[in-house]
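What follows is a set of notes on a single structure, which appears directly below.
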Amino acid sequence: MRYWLMKSEPSVFSIDDLMNKPSQTEPWEGVRNYQARNFMREMRCEDIAFFYHSNCKDAGIVGVMKIIHEAYVDDSAQDPNSPYFDPKSTPDNPRWWRVDVGFVEKFSRVITLHELKEKVELADFQLVQRGNRLSILPVTPYQWEVIIALLGR
DNA sequence: GCCAACGTTGGC
DNA sequence: GCCAACGTTGGC
């Protein structure tokens, strides 16, 4: 089983949105970066991922999700009315993929980016490195453990 | 809302 | 295949 981190702007889709959906699941669509897409294709059912709130006041890790459906075609790329429309992705040759995620838990507090940057043990974590913009990143088991320990429970 | 850092595009 | 121009991301 592998660990991941997935970013979303809470004004677009937040952990509360996921938690409060009757299904508590969501197709993770709109990823339009090749590296992030490739990571999604590596995801397997039962992998787990941190939910990260980006581009907001309290940026940081807010909870945990699990992968409940492996990568399949993101057809929002073929929808001209979608904000994620990409005319270069065609039904014959789809360019973008998505996975389905399920809610696992919402943390009692946000583990802030600031906190993560202060942890020497996380110096290698892609998230805290300069200029990082990837919306989906792998997390090592050790990094996962260090981050969970920040919750002090 | 600013802007640095990065990814992508496309002309050559 | 280089690289300038452009668009996007995301912290602040």
Side-chain angles (χ1 to χ4, degrees), chain A residues 2-21 26-43 47-67 70-101 103-140 142-152:
Chain A
R2 296 184 65 184
Y3 300 96
W4 305 94
L5 178 143
M6 301 170 82
K7 297 181 185 176
S8 178
E9 300 189 20
S11 61
V12 177
F13 187 75
S14 72
I15 185 114
D16 289 324
D17 294 332
L18 180 64
M19 182 173 68
N20 295 328
K21 280 184 82 171
E26 175 77 1
W28 204 266
E29 61 185 27
V31 173
R32 297 292 178 266
N33 169 283
Y34 289 105
Q35 225 182 322
R37 179 203 69 182
N38 293 343
F39 283 138
M40 269 201 297
R41 285 167 145 176
E42 291 178 25
M43 291 176 175
D47 281 4
I48 54 179
F50 285 128
F51 195 131
Y52 180 92
H53 280 176
S54 66
N55 200 15
C56 60
K57 191 161 80 49
D58 293 309
I61 297 171
V62 292
V64 176
M65 308 180 279
K66 65 181 173 206
I67 308 306
E70 293 175 11
Y72 61 107
V73 172
D74 180 354
D75 56 17
S76 68
Q78 268 101 250
D79 175 4
N81 296 317
S82 165
Y84 307 124
F85 178 59
D86 178 1
K88 288 171 186 155
S89 186
T90 62
D92 289 346
N93 189 18
R95 184 179 279 210
W96 304 117
W97 301 71
R98 63 185 164 203
V99 296
D100 289 349
V101 298
F103 177 77
V104 174
E105 79 169 303
K106 178 184 174 180
F107 295 149
S108 53
R109 66 177 187 88
V110 179
I111 303 175
T112 63
L113 180 61
H114 177 72
E115 237 178 303
L116 297 169
K117 282 182 170 166
E118 287 202 323
K119 268 282 169 190
V120 177
E121 294 92 329
L122 298 175
D124 292 336
F125 190 25
Q126 260 179 287
L127 183 80
V128 303
Q129 274 153 23
R130 203 173 64 112
N132 154 68
R133 287 174 22 178
L134 258 192
S135 63
I136 296 182
L137 322 164
V139 178
T140 67
Y142 174 68
Q143 288 163 349
W144 185 276
E145 203 178 307
V146 169
I147 293 166
I148 290 290
L150 290 170
L151 292 169

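Naming: A, B, ... by sequence-line order, numbering from 1 per chain. Since this is a predicted model, take the numbers as computed values, not measurements.
- Residue contacts for A:Arg130: at a heavy-atom cut-off of 4.0 Å it reaches the sugar-phosphate backbone alone, with no base atom in range.
- Atoms OH (A:Tyr34) and C1' (B:dT8) sit 8 Å apart, rounded to a whole Å.
- Using bins of under 30°, 30° to 60° and over 60° for the plane-to-plane angle, the ring pair A:Phe51/A:Phe13 lands in the parallel bin.
- Residue A:Arg95 is in sugar-phosphate contact alone, with no base atom involved, counting any heavy-atom pair closer than 4.0 Å across all strands shown.
- In this pair, A:Trp96 and A:Tyr34 present their aromatic rings tilted. The plane angle is within the 30 to 60° band.
- An OP1 or OP2 oxygen of C:dT9 is reached within less than 4.0 angstrom by no side-chain nitrogen or oxygen of A:Tyr52.
- When the side-chain nitrogen and oxygen atoms of A:Lys57 are compared with OP1 and OP2 of C:dG10, none of them lie within a distance under 4.0 Å.
- Here B:dG7 is the nucleotide among C:dG10, C:dG11, B:dG7 with the atom lying nearest to any side-chain atom of A:Asn33.
- One interatomic measurement links the two molecules: NZ of A:Lys117 to P of C:dG11, which rounds to 7 Å at whole-angstrom precision.
- Atom CD of A:Gln129 and atom C1' of B:dA4 are 17 Å apart (whole Å).
- Protein atom CG of A:Leu134 is 10 Å distant from nucleotide atom C1' of B:dC6, rounded to whole Å.
- Comparing A:Gly131 and A:Asn55, the nucleotide of DNA chain B nearest to each residue sits closer to the 5' end for A:Asn55.
- A:Arg32 places its CZ atom 14 Å from the P atom of C:dG10, with the value rounded to the nearest Å.
- Side-chain N/O atoms of A:Lys7 include none lying less than 4.0 angstrom from OP1 or OP2 on C:dT9.
- For A:Lys88 and B:dT8, the shortest distance from a side-chain N or O to OP1 or OP2 is not below 4.0 Å.
- Between the side chain of A:Arg133 and the base of C:dT8, a donor-acceptor pair under 3.5 Å is found.
- Between the A:Glu121 side chain and the A:Gln143 main chain, no donor and acceptor come within less than 3.5 Å of each other.
- A salt bridge links A:Arg32 with A:Asp74: the closest approach of a Lys/Arg side-chain nitrogen to an acidic carboxylate oxygen falls below 4.0 angstrom.
- Spacing between atom NE2 of A:His53 and atom P of C:dT9 amounts to 17 Å, rounded to whole angstrom units.
- For A:Gln126 and C:dG11, the CD to P distance is 14 Å, given to the nearest whole Å.
- We find that CG of A:Leu5 is positioned 14 Å from C1' of C:dG10, with the value rounded to whole Å.
- Taking the side chain as every heavy atom from C-beta outward, A:Tyr3 and A:Ile48 approach each other to under 4.5 Å.
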